[in-house]
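Read the structure below first, then the notes.
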There are 6 protein chains.
Amino acid sequence: MALTHFDAKGDAHMVDVSEKAVTDRIATATGWIKMQRETFDIITEGRAKKGDVLGVARLAGIMAAKRTSDLIPLCHPLPITKVAVDLTPDADLPGIRITATVKTTGQTGVEMEALTAASTAALTAYDMSKAVDKAMEIGGIHVVLKDGGKSGRYEAS
Amino acid sequence: MALTHFDAKGDAHMVDVSEKAVTDRIATATGWIKMQRETFDIITEGRAKKGDVLGVARLAGIMAAKRTSDLIPLCHPLPITKVAVDLTPDADLPGIRITATVKTTGQTGVEMEALTAASTAALTAYDMSKAVDKAMEIGGIHVVLKDGGKSGRYEAS
Amino acid sequence: MALTHFDAKGDAHMVDVSEKAVTDRIATATGWIKMQRETFDIITEGRAKKGDVLGVARLAGIMAAKRTSDLIPLCHPLPITKVAVDLTPDADLPGIRITATVKTTGQTGVEMEALTAASTAALTAYDMSKAVDKAMEIGGIHVVLKDGGKSGRYEAS
Amino acid sequence: MALTHFDAKGDAHMVDVSEKAVTDRIATATGWIKMQRETFDIITEGRAKKGDVLGVARLAGIMAAKRTSDLIPLCHPLPITKVAVDLTPDADLPGIRITATVKTTGQTGVEMEALTAASTAALTAYDMSKAVDKAMEIGGIHVVLKDGGKSGRYEAS
Amino acid sequence: MALTHFDAKGDAHMVDVSEKAVTDRIATATGWIKMQRETFDIITEGRAKKGDVLGVARLAGIMAAKRTSDLIPLCHPLPITKVAVDLTPDADLPGIRITATVKTTGQTGVEMEALTAASTAALTAYDMSKAVDKAMEIGGIHVVLKDGGKSGRYEAS
Amino acid sequence: MALTHFDAKGDAHMVDVSEKAVTDRIATATGWIKMQRETFDIITEGRAKKGDVLGVARLAGIMAAKRTSDLIPLCHPLPITKVAVDLTPDADLPGIRITATVKTTGQTGVEMEALTAASTAALTAYDMSKAVDKAMEIGGIHVVLKDGGKSGRYEAS
């Protein structure tokens, strides 16, 4: 198997997708940000009273999905038709679990958009909370679903 | 303790740093992308012969550091004075370990720039390799060092 | 009636338009910037002799239309097929009347693109003239026409 | 008096501010978006229950302030040190009143940043509510305060 | 013949392409950067050992193609389907010859994207090498091939 | 001599300028776009009557200077304090000669900003005129002056 982002000489290029069919495509990525118990309590209580960390992070994730082809050098620009980013507090982590789903009708998949949305939502949650906790960790960023297009459906096992 | 990114009413705002001293600031963040052994072999061999995944990811990380205040809603724009992103293959992971260091001379820290650089380098490595491995996972994204500014030196334990 | 930009839980998302038909869409928005008589005279005479305020504002409006999905968090990126921004001096205002028309062939409307173009043209006119008049006011920004798509033709009454 | 954004030949240029002092600067701009009573009720009730229009608009305004020099052709890029955007429901309008305050420590003022923040917050409120009300109008966009720098304090009368 | 980027009044506008057919389009542009022999030797040897100037320039060219409609005021945003940028050392110049090819399936051509990619790759090569040679010159930037769309095939003679 | 944009391992990085003095810096770059006589006549007459190609190109050059650190991977973001772009018709070329001057008060030079402004102005002139002339050529892009900073004054011979 070969890395498609390089040509025969080994030089990076943006893959030619002009012959690929325009199809409905969807991808979902997840991740989490882990934090101290006290930080978790501030964020989750704060949602109602003192400031909506999750709301800001959700919006940052949605906007980042639209910037994916600006950030990832060999990504194609795509007409995104839907972005949803869910942030769910998980007291056992403790921290926030993030799920990002992106759809397009285009010639290539949107897993990079979903991953970028999830990552940026996590980074934003870090930014909003770093005054009380610098040791937070972001992890578990991976693709859980990708569908549409020639390579068929992929689901993380 | 309180989240500084919200005002007394709980509304998000960009914190006023105009009274903070202009000082030399540095931050380092790390993370990794884990992959199948076969993917690892393709990437690490490929560096010399078939395409430089790590070189592209490094550059994406450096450029992303400069876009941080565009991506993270409440981040201040900063005159970045240095960005270095190292990607080191780790056969035991197997995968790539990423370290991003950012410096500025400014009124607020650069840990978000370092985290954004590390995350984007990891996302780019995913993008370059996803044709052969969709199950790669990004994790371990955290701040290992932050120095300069009133709050003093922070090192991850 | 409900706000479509929120899901059932009340969380913001980018609405799924993937099932909507790809149709020709057009929108027109207008607005104005009101200024002192002296400022109006400088701008309108200046067009021929001393500097083309309206030409710069027109171009800024056109370019802003292309940045709409970057600025408005839940806007879809759209393949814009036409942008025209007209700036007409109105001695009775006194000031400049702005009309922006945007077209696309896509799955959702372009009224936000037209409103963003009109607003940015007005802001640019402010910027170009503020050395002589800080009291200028921008107003009357609204959609006058929207057509194409399922919801049919809308014209401001 | 002359328009500073043009040179002696009448050609647009970005004014040379390299000789101006680096000082603390602040600017405040206001504006409003007027809507039907029913729309106002949905937005203001929705804040608690069905979706936070004002929270999204606030964030869009803050982020737009950072993009001002990208949007307004002859604006200087500035190291913004604070942005706050307040959105207050006004039942008499009926609609939302917007106030944006921006600070910098730099060589030129931030009134364009404040105006851009207020305008973009209003445009975002339009976008979030347009499914129920296309006839909303944005107006009253003007500078209420500008201070710092050689030209001294300006307050709208 | 007339310049299509202006309307009947002579005002700049983004041309209406909504009636044009969606077709496969391709464009190729070339250019070069000329340098001192010593600089040429450092770059070409350096590729293997001391740093990959051409790899960084190639990536910058690819990314710039995606930014074309942001940079060129009246360019339409296009769903680019392929970008390839080749940089070939030419010892006789001495310097680097650059060829950029861009494809889209859309309503207008991609020659501006190809020209922007070639120019930006050359600028980046300048940036990477300017510590050793400030006198480098960029030239020969022109379209060598444009095909697809109503105006037919164009090849530079 | 060595290329400063690579570290000891040959990996690209953004050079650390945090120890460099903050000084006034200026750079001037020039270039030209050559065209057929008929195209030249349309553009130069058009300036007064049918559309201001040079005015649009000038503005595009100014705005591009502000985007330089977004486009050139290893460029530092800089607080630009002045940009001027002059476009002068030259009947002997025939074509347009472009001169771009950029100033900053910062820790590194602005020659890339000047080169990017000149290149983008030329590309925009191409875009505006390509309906009548596809064979135009951009060349002569080089730095004519760079001053400020430790390396002293450079003037093209």
Side-chain angles (χ1 to χ4, degrees), chain B residues 2-27 62-83 102-117 119-120 148-151, chain D residues 22-28 47-48 52-71 75-89 96-107 109-110 113-114 116-118 120-121 124-125 147-149:
Chain B
L3 301 180
T4 53
H5 282 338
F6 299 102
D7 63 18
K9 289 175 294 179
D11 291 338
H13 65 148
M14 192 198 289
V15 178
D16 188 351
V17 299
S18 60
E19 300 303 313
K20 295 173 78 172
V22 173
T23 58
D24 288 334
R25 291 157 191 273
I26 188 170
I62 291 170
M63 296 180 82
K66 296 192 271 185
R67 309 290 292 277
T68 303
S69 68
D70 258 10
L71 289 171
I72 310 298
L74 303 175
C75 258
H76 296 81
L78 281 174
I80 291 174
T81 52
K82 175 200 158 136
V83 187
V102 180
K103 293 173 77 171
T104 194
T105 304
Q107 292 171 299
T108 183
V110 282
E111 62 269 49
M112 291 316 303
E113 282 74 7
L115 288 165
T116 300
S119 291
T120 306
K150 205 178 60 179
S151 64
Chain D
V22 173
T23 59
D24 288 335
R25 291 155 191 274
I26 187 169
T28 300
R47 193 174 186 189
D52 184 5
V53 169
L54 305 190
V56 176
R58 182 186 304 113
L59 217 56
I62 292 170
M63 295 180 82
K66 296 190 271 186
R67 308 290 291 276
T68 303
S69 68
D70 257 8
L71 289 171
C75 258
H76 296 80
L78 282 173
I80 292 175
T81 52
K82 175 200 159 136
V83 187
V85 179
D86 285 312
L87 295 106
T88 310
I96 309 297
R97 295 196 178 278
I98 300 160
T99 303
T101 296
V102 179
K103 294 174 76 170
T104 194
T105 304
Q107 292 172 299
V110 281
E113 281 74 9
T116 300
T120 305
T124 301
D147 204 2

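Chain identifiers are assigned alphabetically (A, B, ...) following the order of the sequence lines, protein sequences preceding nucleic acid strands; residue numbering begins at 1 within each chain. We use all heavy atoms of the structure for the numbers below, so side chains are in, but hydrogens, waters and symmetry mates are not.
- Judged as a salt bridge (Lys or Arg N to Asp or Glu O under 4.0 Å), and not counting sequence neighbours, D/Glu113 has no contacts.
- Heavy atoms of B/Ile72 lying under 4.5 Å from chain D belong exclusively to its backbone.
- Between chain D and the options B/Thr108, B/Leu78, B/Leu74, B/Val22, the largest number of non-hydrogen pairs under 4.5 Å is found for B/Leu74.
- A distance-only check finds a donor-acceptor pair linking the side chain of D/Lys66 to the backbone of B/Cys75 [under 3.5 Å].
- Scored by the side chain to side chain contact (heavy atoms under 4.5 Å, CB included) test, B/Pro73 finds A/Val56, A/Ala60, A/Thr124, D/Leu59, D/Met63 as partners (sequence neighbours excluded).
- Looking at residues two or more places apart in sequence or on another chain, you find a side chain to side chain contact (heavy atoms under 4.5 Å, CB included) between B/Ser151 and B/Lys146.
- Although no hydrogens or angles enter the test, the distance criterion places a donor-acceptor pair under 3.5 Å between the side chain of B/His13 and the main chain of B/Thr4.
- Counting only heavy atoms from C-beta outward, the side chains of B/Leu3 and B/His5 never approach each other to under 4.5 Å.
- For the residue pair B/Thr23 and B/Gly148, the shortest heavy atom distance occurs at OG1-C, 4.3 Å.
- Contacts of B/Val17 with chain D are made by both backbone and side-chain atoms, with heavy-atom separations under 4.5 Å.
- Below 4.5 Å, heavy atoms of chain B meet heavy atoms from D/Lys103, D/Thr105, all part of residues 99-106 of chain D.
- Ranked by heavy-atom pairs under 4.5 Å with chain D, the list B/Ser69, B/Pro79, B/Ser18 is led by B/Ser18.
- Considering only heavy-atom pairs separated by less than 4.5 Å from chain B, the leading option among D/Val85, D/Asp24, D/Asp86 is D/Asp86.
- Looking only at distances, no side-chain donor or acceptor of B/Ser119 sits under 3.5 Å from a matching main-chain atom of B/Thr116.
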